[in-house]
There are 2 protein chains.
Amino acid sequence: MRIQTAGTPKVMRNLNEFLILDQIIGGGPQSRADLSRYTGLSKPTVSSAIAHLIERGLVRETGRAENTQGRKATLVEFNPKCFYTLGAEVGGSGLRIALADMGGEICYYKQLAMPEGGLTETVCQDFLVQSIEGLLADSGISREKLRAAAFGIPGVVDPADGSVSDLVAPLRGCEAVLARANLARLIPVPVVTENDVNLAALAEYTSSGMAASGSLLYFSIGAGTGGGLIIHGEIYRGLGGGAGELANLMLSAGRLEDVLSTDGLRQLANRMAKEYTGAGDTAHLLSTPGGTAAQIWDAVRRGEPLALAIIEAYCNLLAEAVGSICTVMAPTTVVLGGELGSHGDILLERLESRLGGLHRKPRLAASSHGDKDVVLGAVQTAVQLAFREMRA
Amino acid sequence: MRIQTAGTPKVMRNLNEFLILDQIIGGGPQSRADLSRYTGLSKPTVSSAIAHLIERGLVRETGRAENTQGRKATLVEFNPKCFYTLGAEVGGSGLRIALADMGGEICYYKQLAMPEGGLTETVCQDFLVQSIEGLLADSGISREKLRAAAFGIPGVVDPADGSVSDLVAPLRGCEAVLARANLARLIPVPVVTENDVNLAALAEYTSSGMAASGSLLYFSIGAGTGGGLIIHGEIYRGLGGGAGELANLMLSAGRLEDVLSTDGLRQLANRMAKEYTGAGDTAHLLSTPGGTAAQIWDAVRRGEPLALAIIEAYCNLLAEAVGSICTVMAPTTVVLGGELGSHGDILLERLESRLGGLHRKPRLAASSHGDKDVVLGAVQTAVQLAFREMRA
DNA sequence: ATATATAGTTAATTAAGTTTACTAACTTAA
DNA sequence: TTAAGTTAGTAAACTTAATTAACTATATAT
């Protein structure tokens, strides 16, 4: 148990209140007597703390226990609706925003396309503000009840000051709008900005329910590639936010992002289709450079030989990448996200079998929340922030 | 400020005492008035805490300040000799043990060759016990003053229970002896066991004085290769202790350990010497398989062309390895250790120039403590452990 | 009905903080 | 030399929030 602040009686009282609150949140509805046993605090102290927590609205009585003997206990439970938080994903093509309660449950959610045409600073800012205002109005949640916000940003975020750089192309120029300082001015509650893939990784880490000693790599592959790392239970960013920026990793077939992105898959498909001498209708797999790689996955599910061969080749490359990363990092879990995450049914077992040679084989999984990963991570971060503000 | 335990008055008092102690350790000799200002605690509270710390022997008065005005302050300072700790490196060929004070300063140090012949369990255990007994006797430090011990082990250590596996060849069979539970029975103080390279990484991390947000990779290359990672200020072990086990990383020229170990360097030298058509006395570089690679470094320092060419080729491989690792991990600092660390004068600038293409270029350094890295890391870990025990 | 067990409150005590006011000791300058 | 001003450290009174012990309230079992 470390401390940074001086321990005054008031601080101690606050500490004990949150010790009790944590126990209630973690252990569900409990009686005062239970809480006294679990925390080691005396019954009067627990009662007094509960009274204050009820007064603050964080906790409420919720019926009685069915004991075998003795007086029935009054149970108290966490009131997740005491406050709300905002979690958002500012994507290159779309905005997702969610209002969640303090239990992390999303109460109101909206997905919006970004404004067409040139995304200037003012357009971007106005769009953000109006979207958030709109969601708040729809939900009927009062401003005072909103306590924190977190934004997932497709770019590099400086953890020190929340400033933003290296945004994806469609958002370029909006760095100043998405900086933490600016967002906090607009909303105005405590705000964090964080790289989108890092938030996705956090969401998967939490929902996996793994121990704090475990680590997780979120490997996002779509139009581009990215990685998010959770180590010691928190986001590991690395020098200049570069941890998990896997795009530049060299594989035997070339640069990771060139080889494994949807564009890389398309090129691989084109090459293999040209070499393919067997019969059958394979022309539709030769998608044009501007097209998508979606047909390949459909073809695999239909069992077409060429598509299967392409995917086998692709998985060789994917396994090489994951293998290298695991040799360096040894994550407990690797989660596939982005475009790829949605094809876990095809990829996971192929990848699994190819990683047999690895000394420490991680648990493999596909993203369990799909394209909502980032928003969920943002919500979770916002909830954490709101709690931290209350504790302080 | 988090808390796991209930906040009783006694706990609060202890917390405040250690808050003050930390400030004294971090800030050097200070007056009670200074401490009151820095910690935010009132002067009477500080005075009372200091009285208790002096009574416990952790702190002592140390003269008076030279103020410009007013009454001269009595300074108090940390007394590092209040307790002692043991740090050890159990190597394949030798044992290093150190007795250090609570300031981490090594007071007594001994380096011993492991017993010749078959290293059975009993031989290993007796040797350990006698070595430690001997050092304690030499130092004249009483058993009661010894408060913790840490052992660096060349193998995989399970952080959960401190058990040991995959020991290097010479120590194989001594797993049970080096397990934490057994060592704690022998000494008997709180004991930690930890992988040796991880401890070396910790030693470098601490002595570099970097911020907690920084991360460090200790890249040890000798007869074998190993890596230690410090992330969020603590050792990151990864799944099954596999983080930083770089040996199996595939480079363009083959498996990392095969290519970069002293043996790999020797093979590279042999290959290049055979191809070498130039004149000059190069025969001595063709060392026999049982020899060492040491001649190459000497030859480089003498400026011999073949040796220089070999090192250039070797650095290409080294840069490929470090580059891959940095792309995944983005450590703030990379430290070269083991055999290689001692040739930083030759390697560092060559490596530096080859990493120019890297997006996030880490600080490069050679091990600053050489072959004492592990013992220093062990001492530091033991000191931390001793403090943790006192706080609890 | 009575005994026993459990939940939660009240009252007295204790620990450790704070503030306020003091004494002690030192420097500067009339 | 003496008075004024400044800083260090202590003493006393007060405040907060913990504890224990005793009590009340409410349940089940015999």
Side-chain angles (χ1 to χ4, degrees), chain A residues 1 3-21 23-24 27 29-56 59-77, chain B residues 1 3-21 23-24 27 29-56 59-77:
Chain A
M1 182 173 65
I3 196 173
Q4 278 84 40
T5 327
T8 66
K10 203 160 275 184
V11 166
M12 179 167 74
R13 165 116 207 197
N14 198 44
L15 243 40
N16 283 335
E17 263 179 38
F18 279 97
L19 179 72
I20 289 167
L21 185 62
Q23 174 60 33
I24 295 174
Q30 286 160 87
S31 69
R32 291 164 174 82
D34 286 336
L35 290 165
S36 169
R37 276 187 290 270
Y38 294 142
T39 61
L41 291 163
S42 66
K43 290 197 288 172
T45 300
V46 171
S47 286
S48 145
I50 294 276
H52 193 211
L53 286 169
I54 288 174
E55 197 189 324
R56 293 220 261 166
V59 151
R60 62 187 169 204
E61 296 196 338
T62 181
R64 334 215 38 196
E66 285 304 319
N67 292 13
T68 51
Q69 269 178 320
R71 170 177 174 177
K72 279 182 186 161
T74 311
L75 300 178
V76 293
E77 66 174 0
Chain B
M1 181 172 63
I3 197 172
Q4 277 83 41
T5 327
T8 66
K10 204 160 274 183
V11 166
M12 179 166 75
R13 166 113 207 200
N14 199 43
L15 244 39
N16 282 336
E17 263 177 38
F18 278 98
L19 179 71
I20 289 168
L21 185 63
Q23 174 60 36
I24 295 174
Q30 286 161 86
S31 69
R32 291 163 173 83
D34 286 337
L35 290 165
S36 170
R37 276 187 290 270
Y38 294 142
T39 61
L41 291 163
S42 66
K43 290 197 287 174
T45 301
V46 170
S47 286
S48 146
I50 293 278
H52 193 211
L53 286 169
I54 288 175
E55 197 189 323
R56 293 220 262 166
V59 151
R60 62 187 169 204
E61 297 196 337
T62 180
R64 335 215 38 195
E66 285 305 319
N67 293 12
T68 51
Q69 268 179 322
R71 172 176 172 179
K72 278 181 186 162
T74 311
L75 300 178
V76 293
E77 66 174 1

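So you know, we letter chains A, B, ... as the sequences are listed, proteins then strands, and number each from 1.
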Given DNA chain D, 5'-ward residue of the pair A/Pro9 and A/Arg64, judged by closest heavy atom: A/Pro9

Net bend of the helix from C/dA1-D/dT30 to C/dA30-D/dT1, end axes of five pairs each, nearest 10 degrees: 10°

Under the salt bridge (Lys or Arg N to Asp or Glu O under 4.0 Å) test, residues paired with B/Arg60 that sit two or more places apart: B/Glu77

Nearest-0.5 Å distance, CD1 of residue A/Ile20 to OG of residue A/Ser36: 8.5 Å

Polar side-chain atom of B/Arg64 near backbone of B/Thr74 as donor-acceptor pair, under 3.5 Å: no

Between CD1 on residue B/Ile24 and CG on residue B/Leu35, distance to nearest 0.5 Å: 5.0 Å

B/Arg13 CZ to D/dT16 C1', straight-line distance once rounded to whole Å: 16 Å

Any residue meeting side chain to side chain donor-acceptor pair (under 3.5 Å) with B/Ser48, in chain and number order, not counting sequence neighbours: B/Arg13

Atom pair CG/NZ of A/Leu15 and A/Lys10 - distance to nearest 0.5 Å: 14.5 Å

Sequence-distant partners of B/Arg37, salt bridge (Lys or Arg N to Asp or Glu O under 4.0 Å), two or more places apart: B/Asp34

Given DNA chain D, 5'-ward residue of the pair A/Gly70 and A/Asn14, judged by closest heavy atom: A/Asn14

Give me, pair by pair, the N or O atoms of the protein and of nucleotides 9-12 of chain D that are less than 3.5 Å apart, along with how far apart they are.
| residue | atom | partner | partner atom | Å |
| --- | --- | --- | --- | --- |
| D/dG9 | OP1 | B/Thr74 | N | 2.7 |
| D/dG9 | OP1 | B/Thr74 | O | 3.2 |
| D/dG9 | OP1 | B/Thr74 | OG1 | 3.4 |
| D/dG9 | OP2 | B/Arg32 | N | 3.1 |
| D/dG9 | OP2 | B/Ala33 | N | 3.1 |
| D/dG9 | N7 | B/Lys43 | NZ | 2.6 |
| D/dG9 | O6 | B/Lys43 | NZ | 3.4 |
| D/dT10 | OP2 | B/Ser47 | OG | 2.8 |

Contact boundaries on DNA chain C for chain A, cut-off under 4.0 Å to non-hydrogen atoms: C/dA5 to C/dG17

Backbone N/O of B/Gln23 and side chain of B/Gln30: donor-acceptor pair under 3.5 Å: yes

Point-to-point distance, once rounded to the nearest 0.5 Å, from CE of A/Met12 to OG1 of B/Thr8: 7.0 Å

Pairwise distance CD(A/Glu55) to CG(A/Leu53) - rounded to 0.5 angstrom: 10.0 Å

Whichever of A/Thr8 and A/Arg37 has its nearest DNA chain C nucleotide further upstream toward 5': A/Arg37

